[in-house]
Student: 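This is the structure I have questions about; it appears just below.
Just so you know, ligand 1 is whichever comes first in the structure, and atom 1 is the first atom listed for that ligand. Sequential numbering from 1 along the given sequence is applied to the chain's residues.
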Amino acid sequence: MPGFFITFEGGEGSGKTTQINKLAESLNAAGYKVVTTREPGGTPESEKIRQLLVQRDGGNWSPMAEALMFFAARLMLYQKIIKPALDEGKIVICDRFTDSTRAYQGYGHDLGFDVIDELKHIALGDAEPNLTFILDIDPKSGIERAQERLSSQKINAERREDRFEKLDLSFHQRLREGFLQIAKREPQRCVIVDAAQTIEHMAQSILQTALKRLEERLEERKG
Ligand code: T5A
């Protein structure tokens with residue numbers, strides 16, 4: 001039986017990791033089998049690519065080179081972790097997926113949604129999540145949250161995972177708009193969550209939506 005694929009998207013520090021942990025815990029407690037993973041990363045190969053993409057000294061990649069590297073990392077993750085888990089009927093929750101490439105490289109860096117969709121088709125065919133939570137936050141407060149978290153980590157400056165956080169605010173404002181455009185394009189798959197709310201408030205509404213969609217999916221299969 002095919003599983004259910006949930007992704008979390010949004011700008012820097014919007015709370016994706018926090019909410020993924022909470023949702024996984026609640027779904028596990030409700031008896032679902034859940035696999036969590038992240039992008040870029042999740043396999044040894046993809047984690048190597050992650051270092052090049054997100055570390056401060058990772059490289060000065062052009063937007064298209066970046067997009068191709070994100071898809072290389074994504075393909076390994078999809079083939080090795082996501083697809084097998086879905087084939088076993090599990091729920092997969094992934095921190096970022098193709099929508100991040102659409103928003104960051106496609107919209108923020110101007111490659112365009114069509115180019116990203118073309119690359120996606122070559123790499124992944126029609127693979128898309130069943131449900132995507134887009135955590136929407138004012139970029140200034142999201143970046144402040146992310147920087148606070150990063151500065152609490154004892155990591156050498158050049159290894160800091162802040163290559164994108166360091167881009168100027170206008171880029172982050174653009175990519176917020178990019179995520180909202182994606183939600184408009186696919187209102188059935190994408191649910192916007194106000195990420196300025198408290199952690200608990202967000203977690204409750206995310207869990208309710210996820211449970212409702214899982215039930216609907218079960219009904220569809222019965223029918
Ligand atoms: N990227 C990625 C692309 O450009 N293209 C792509 O295709 C892909 C896949 C990944 C980078 O790569 C880019 C985007 C990214 O820049 P990353 O380190 O994984 O890098 O970065 P993020 O995914 O942005 O991860 P962050 O950890 O920065 O943000 P999260 O996971 O959204 O936030 P989280 O949960 O870690 O929370 C951040 C802090 O805020 C607090 C938390 O406790 C934590 O300290 N917090 C809240 N505080 C108040 N109220 C709330 N509601 C809060 N929720 C969390």
Student: Would you indicate which of D95, L77, T18 comes nearest to atom 55 (C) of ligand 1 when only heavy atoms are counted?
Tutor: T18
Student: At under 4.0 Å between heavy atoms, is it the side chain or the backbone of E66 that contacts ligand 1, or both, or neither?
Tutor: neither
Student: Which option out of M202, Q197, R145 puts a heavy atom nearest to atom 53 (C) of ligand 1?
Tutor: R145
Student: So which protein heavy atom does atom 11 (C) of ligand 1 come closest to, and at what separation?
Tutor: V54 CG1, 3.6 Å
Student: Using only heavy-atom distances, determine whether the side chains of E200 and T198 contain a donor-acceptor pair under 3.5 Å.
Tutor: no
Student: As a check for students: among R149, Q19, R96, K166, identify the option with a heavy atom nearest to atom 28 (O) of ligand 1.
Tutor: R149
Student: Classify the contact between E148 and ligand 1 as side chain, backbone, both or neither, using a heavy-atom distance cut-off of under 4.0 Å.
Tutor: neither
Student: Does any N or O atom in T17 lie less than 3.5 angstrom from one in ligand 1, N or O only?
Tutor: yes
Student: For atom 15 (C) of ligand 1, what's the nearest protein heavy-atom neighbour? Residue, atom name and distance, please.
Tutor: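 Nearest protein contact, heavy atoms only, for atom 15 (C) of ligand 1 is E12 OE2, 3.5 Å.
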Student: With heavy-atom distances below 4.0 Å as the criterion, list the atoms of ligand 1 near S100.
Tutor: 5 (N), 6 (C), 7 (O), 8 (C), 9 (C)
Student: Ring centres of F97 and F5 under 6.0 Å apart?
Tutor: yes
Student: Can you tell me which residue and heavy atom of the protein come closest to atom 33 (O) of ligand 1, and the distance to 0.1 Å?
Tutor: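 Residue, atom and distance for the closest contact: G15 N, 3.2 Å.
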Student: Between G15 and L135, which heavy-atom pair has the shortest distance, and what is it?
Tutor: C-CD1, 3.7 Å
Student: With heavy-atom distances below 4.5 Å as the criterion, would you say the side chains of I82 and E39 are in contact?
Tutor: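 Contact flag for I82/E39 side chains = no.
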Student: Heavy-atom contact check, 4.0 Å cutoff: does L53 meet ligand 1?
Tutor: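 It does not, in that no heavy atom of L53 comes within the 4.0 Å cut-off of ligand 1.
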Student: Mark yes or no: R74 above the aromatic ring of F71, with NZ or CZ under 6.0 Å from the six-membered ring centre and no more than 45 degrees from the axis.
Tutor: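 Yes, R74 and F71 form such a contact.
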Student: Should you measure from each heavy atom of E165, which atoms of ligand 1 turn up under 4.0 Å away?
Tutor: 28 (O)
Student: For ligand 1, is there an atom lying under 4.0 Å from some heavy atom of G13?
Tutor: yes
Student: Is atom CG of N60 surrounded by more than 12 heavy atoms (other residues, nucleotides or ligands) closer than 6.0 Å?
Tutor: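 Incorrect, the count does not exceed 12.
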Student: Write out the residue and atom name of the closest protein heavy atom to atom 4 (O) of ligand 1, then the distance separating them to 0.1 Å.
Tutor: Q105 NE2, 2.9 Å
Student: More than 12 heavy atoms of other residues, nucleotides or ligands under 6.0 Å from CD of E177: is that the case?
Tutor: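 Check passes, neighbour count above 12.
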Student: Does R163 come within less than 4.0 Å of ligand 1, judged by its heavy atoms?
Tutor: no
Student: Taking 4.0 Å as the limit for heavy-atom contacts, which would you say applies to K16 with ligand 1: side chain only, backbone only, both, or neither?
Tutor: both
Student: What residue and heavy atom of the protein are closest to atom 1 (N) of ligand 1, and at what distance?
Tutor: F70 CZ, 3.3 Å
Student: Looking at E165 and R160, does any basic side-chain N land under 4.0 Å from a carboxylate oxygen?
Tutor: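 Judged by the 4.0 Å cut-off on N to carboxylate O distance, E165 and R160 do not form a salt bridge.
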Student: Does any part of the side chain of K120, heavy atoms only, come nearer than 4.5 Å to the side chain of R102, both counted from C-beta?
Tutor: yes
Student: May I ask which of R50, E161, R38 has a heavy atom nearer to atom 17 (P) of ligand 1 than the others do?
Tutor: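 Shortest heavy-atom distance from atom 17 (P) of ligand 1: R50.
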Student: What is the ring orientation for F164 with H109, classed by angle as parallel under 30°, tilted 30 to 60°, or perpendicular over 60°?
Tutor: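 Geometry flag for H109 against F164: tilted rings.
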Student: Can you check whether F97 has an N/O within less than 3.5 Å of an N/O in ligand 1?
Tutor: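 There is no such contact.
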Student: Search all heavy atoms of R38 against all heavy atoms of L77 and return the closest pair with its distance.
Tutor: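 Shortest heavy-atom contact: O-CD2, 3.7 Å.
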Student: Examine the proximity of ligand 1 to T101 and report which part, side chain or backbone, both or neither, has a heavy atom under 4.0 Å away.
Tutor: both
Student: Scan R56, R50, Q51 and name whichever one has a side chain to side chain contact (heavy atoms under 4.5 Å, CB included) with E161.
Tutor: R50
